[in-house]
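I have placed the structure first, in the form of structure tokens, so that the comments after it can refer back to it.
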Amino acid sequence: MSRTLTIPRPDDWHLHLRDGAVLRAVLPETARYFGRAIIMPNLVPPVVTGAQAAAYRDRIMDALPDGMNFTPLMTLYLTEDTDPADVAAVHGSGLVTAVKLYPAGATTNSASGVRDFDRVRPVLEKMAEIGMPLCVHGEVTDAEIDIFDREAVFIDRVLDPLRRATPGLRIVMEHITTQQGVEYVKSNAENLGATITTHHLVINRNHILVGGIKPHYYCLPVAKREEHRLALRAAATSGDARFFLGTDSAPHTDPNKESACGCAGCFTATNTISILAEVFEQEDALDRLAGFASEHGARFYGLPVSAETITLSRGDPVTYPPKIDTGDGPVTLFDPQMPLHWRVV
Ligand code: NCD
Ligand code: ZN
């Protein structure tokens with residue numbers, strides 16, 4: 001039996017596009033399916049000023065193939081030197097949608113991130129005043145905290161105090177990976193949402209470590225135990241509007257992944273929609289896919305849901321190329337290790 005599903009054109013509320021040759025190769029993979037995406041600013045050097053965000057947006061639009069429609073929603077990388085007035089100006093002009101907080105050292109290219117959270121308080125106060133969202137990479141970086149506990153500890157030590165100090169600030173907990181993350185969002189009605197990646201709905205930590213080390217399943221925050229994956233699936237498919245899609249599609253070339261010190265990041269842009277449809281079908285929640293992928297995030301960011309639609313059709317399993325070529329080398333696509341029956345037609 002063939003079936004179809006039509007949903008508003010999805011948006012990706014957390015995406016790494018990189019720059020140069022990789023940008024040109026990965027951008028069409030997202031723009032084929034998604035209307036808008038929140039673009040992560042962790043380039044080298046990071047996107048910290050309005051001028052850098054404008055130049056990066058121009059490079060993205062230059063890389064977009066003719067005939068494709070896509071709106072990059074730019075972010076600024078928060079540093080201890082970020083000026084509240086600059087942030088307000090670039091938000092007011094419509095150039096920048098959100099600010100990204102990386103604890104220094106938490107993940108790829110985060111060395112310029114925040115060490116002393118008191119030093120960014122004036123920026124956060126200004127953002128609360130003007131209604132500008134803060135996207136948070138929620139992991140502590142203290143050497144003594146086990147990597148599998150870093151998200152839960154961040155909630156207690158950093159996020160909760162920060163929210164109490166600046167209650168009007170709208171915060172997105174990005175790429176949550178734990179039951180604690182899900183529970184924290186559910187127990188806080190005001191001004192808090194969370195993105196969930198495609199791959200964290202599919203893998204747990206065994207996928208990374210059992211039967212040999214699998215660098216293409218390594219990302220940050222690292223996948224946790226199975227009970228956490230199940231909590232994420234329940235949250236994503238619940239219809240709760242505080243949870244929405246942020247793929248965190250994060251391309252690294254194969255030599256940078258398959259290395260003695262491999263980079264963190266899973267590249268999922270190409271097959272994300274097929275995987276999500278499969279997951280939502282497995283959870284008997286296909287009617288909630290539109291909410292998660294196309295509606296809740298727009299609502300959180302105060303933007304209209306797309307007036308365009310995409311249609312998925314169910315049939316024989318669809319295959320995707322295992323890698324895409326970029327001018328800088330091949331990038332391996334996330335392998336969900338299950339047949340995917342839904343394709344965008
Ligand atoms: C991201 C990257 O490669 O830029 N990596 C990842 O594992 N998700 C950074 C990030 O979002 O943490
Ligand atoms: Zn990311």
Side-chain angles (χ1 to χ4, degrees), residues 11-20 22-23 25-27 29-30 34 37-48 56 60 72-78 97-114 133-141 147-148 150-151 154 158 172-178 181 194-203 205 207-208 213-224 232 244-259 261-269 272 297 326 328-329 331-334:
D11 301 304
D12 187 347
W13 300 99
H14 181 128
L15 177 67
H16 299 270
L17 286 177
R18 316 301 190 203
D19 217 337
V22 174
L23 166 63
V26 301
L27 177 59
E29 303 301 301
T30 286
F34 293 88
I38 287 276
I39 308 301
M40 286 296 122
N42 63 332
L43 304 181
V44 185
V47 178
V48 296
Y56 187 31
I60 294 168
L73 302 173
M74 307 310 292
T75 60
L76 286 189
Y77 186 120
L78 182 63
T97 301
V99 169
K100 174 71 189 242
L101 186 160
Y102 290 101
T107 187
T108 309
N109 305 334
S110 60
S112 324
V114 177
L134 179 72
C135 300
V136 176
H137 183 110
E139 290 190 286
V140 293
T141 54
I147 190 163
F148 293 99
R150 287 179 173 199
E151 180 172 300
F154 182 88
V158 181
V172 185
M173 286 175 74
E174 301 214 276
H175 42 49
I176 56 169
T177 57
T178 59
T195 58
I196 300 177
T197 77
T198 306
H199 50 282
H200 287 113
L201 298 174
V202 176
I203 60 168
R205 64 193 198 175
H207 289 81
I208 311 169
I213 190 159
K214 313 282 178 18
H216 295 290
Y217 292 130
Y218 173 62
C219 67
L220 288 172
V222 70
K224 310 294 193 294
L232 297 172
F244 42 91
L245 175 63
T247 67
D248 195 15
S249 181
H252 294 277
T253 60
D254 285 352
N256 285 322
K257 292 286 293 175
E258 299 166 5
S259 148
C261 185
C263 293
C266 296
F267 174 64
T268 57
T272 273
T326 82
D328 287 348
V331 170
T332 291
L333 181 63
F334 175 75

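Being a predicted model, the structure only gives us computed values, none of them experimental. Ligands are counted one by one from 1 in listed order, and the atoms in each one are counted from 1 as well.
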Worksheet item: What's the shortest heavy-atom distance between Thr198 and Thr247, and which atoms?
Response: OG1-CG2, 4.1 Å
Discussion item. How long is the straight-line distance from CH2 of Trp13 back to CG of Leu73, given to the nearest 0.5 Å?
Written reply: 5.5 Å
Discussion item. Below 4.0 Å, non-hydrogen atoms only: which portion of Asn42 touches ligand 1? Side chain, backbone, both or neither.
Written reply: side chain
Worksheet item: What part of His14 sits under 4.0 Å from ligand 1 if we count only heavy atoms: the side chain, the backbone, both or neither?
Response: side chain
Worksheet item: For Lys224 and Thr178, does a side-chain donor sit closer than 3.5 Å to a side-chain acceptor?
Response: no
Discussion item. Using modelled atom types and a 3.5 Å cut-off, is there a donor and acceptor pairing between side-chain atoms of Thr177 and backbone atoms of Ala223?
Written reply: no
Discussion item. I want to know if ligand 1 touches Gly265 in the polar sense, i.e. an N/O pair below 3.5 angstrom.
Written reply: yes
Discussion item. Please determine whether any non-hydrogen atom of Arg18 lies less than 4.0 Å from an atom of ligand 1.
Written reply: yes
Practice prompt. Just to the nearest 10 degrees, tell me the angle at the Zn ion (ligand 2) spanned by His14 NE2 and His16 NE2.
Written response: 110°
Discussion item. Under 4.0 Å, counting heavy atoms only: does His252 come that close to any atom of ligand 1?
Written reply: yes
Practice prompt. Please work out whether any backbone atom (N, CA, C, O) or any side-chain heavy atom from C-beta onward of Glu174 is under 4.0 Å from ligand 1, and answer side chain, backbone, both or neither.
Written response: neither
Item to complete: Looking only at non-hydrogen atoms, find the nearest pair between Met173 and Gly181 and report the distance.
Response: CE-CA, 4.0 Å
Worksheet item: Can you find a heavy atom in the side chain of Asn109 that is under 4.5 Å from one in the side chain of Leu43?
Response: no
Discussion item. Would Leu220 count as being in polar contact with ligand 1, using the rule that some N or O on each side must be under 3.5 angstrom apart?
Written reply: yes
Response to the item:
Of all protein heavy atoms, the one nearest atom 1 (C) of ligand 1 is His16 NE2, 3.5 Å
Worksheet item: Going by heavy atoms in the side chains, are His14 and Lys100 under 4.5 Å from each other?
Response: yes
Discussion item. Give me the nearest non-hydrogen protein atom to atom 8 (N) of ligand 1 as residue plus atom name, then the distance to 0.1 Å.
Written reply: Asp248 OD2, 2.7 Å
Response to the item:
dist Arg205:CZ -> Tyr218:OH (nearest 0.5 Å) comes out at 14.0 Å
Item to complete: Evaluate the side-chain proximity of Thr75 to Thr97: yes if any heavy-atom separation is below 4.5 Å, no if none is.
Response: no
Discussion item. Could you identify the single nearest non-hydrogen protein atom to atom 5 (N) of ligand 1 and state the distance to 0.1 Å?
Written reply: Ala264 O, 3.1 Å
Worksheet, complete the sentence: Taking only non-hydrogen atoms of Thr107 and a 4.0 Å limit, the atoms of ligand 1 in range are 5 (N), 9 (C), 10 (C), 12 (O)
Discussion item. One residue to check: Cys219. Relative to ligand 1, which of side chain, backbone, both or neither has a non-hydrogen atom less than 4.0 Å away?
Written reply: both
Discussion item. Are Asp254 and His216 packed together at the side-chain level, in the sense that at least one heavy-atom pair is separated by less than 4.5 angstrom?
Written reply: yes
Worksheet item: Within less than 2.8 Å of the Zn ion (ligand 2), any N, O or S from Asp248?
Response: yes
Practice prompt. Identify, by atom number and element, the atoms of ligand 1 in contact range of His137, meaning under 4.0 Å from any of its heavy atoms.
Written response: 12 (O)
